[in-house]
Amino acid sequence: MQRMSDTTPETHALQMQLLREMPIWGKLQLMTGLIDITRALALSSLRAEHPSATEAELHRLLADRLLGSELAAAVYGPISKPDASTDAI
């Protein structure tokens, strides 16, 4: 793993040591946290792009981002057509 430019070699070595020694449940917990943060950031971006979208619409748009539009449409159905009272989704 390449060391980040803002991290000293000593700190990087300690981080790697701690990750190697971490039990598998700790690594899974870290990954779950990263996934949750990524999902929250993606939803925040979608909210900014589609301010009048409902939560259901936002989650359907998130599925497009995560799965691709073709697979998301096959799994969740097509995105509903917006009416005049909503922004273009």
task = For the pair Arg47 and Glu57, find out whether any cationic side-chain nitrogen is under 4.0 Å from an anionic carboxylate oxygen.
result = no

request  = Would you please name every residue forming a salt bridge (Lys or Arg N to Asp or Glu O under 4.0 Å) with Arg65, sequence neighbours left out?
outcome  = Glu49

task = Calculate, to the nearest 0.5 Å, the distance between atoms CG and CG belonging to Leu61 and Leu66 respectively.
result = 11.0 Å

request  = Nearest 0.5 Å please: distance from the CE atom of Met31 over to the CG atom of Leu34.
outcome  = 5.5 Å

side-chain hydrogen bond (donor to acceptor under 3.5 Å, both in side chains): pairs with one or both residues in residues 16-34, sequence neighbours excluded = Gln17-Glu21

request  = Could I get the full list of side chain to side chain contact (heavy atoms under 4.5 Å, CB included) partners for Leu28, not counting sequence neighbours?
outcome  = Ile24

ask   = Could you give the distance from CZ (Arg60) to CG (Leu58), rounded to the nearest 0.5 Å?
value = 12.0 Å

task = State which residue, out of Ile37, Thr38, Leu43, fulfils the side-chain contact (heavy atoms from CB on, under 4.5 Å) condition with Leu41.
result = Ile37

Interatomic spacing from CG in Leu62 to CG in Leu46 - rounded to 0.5 Å = 6.0 Å

ask   = Of all heavy-atom pairs between Ser69 and Asp64, which one has the smallest distance, and what is that distance?
value = CA-OD1, 3.5 Å

task = Output the distance between atom NE2 (His12) and atom CG (Asp6), rounded to the nearest 0.5 Å.
result = 11.0 Å

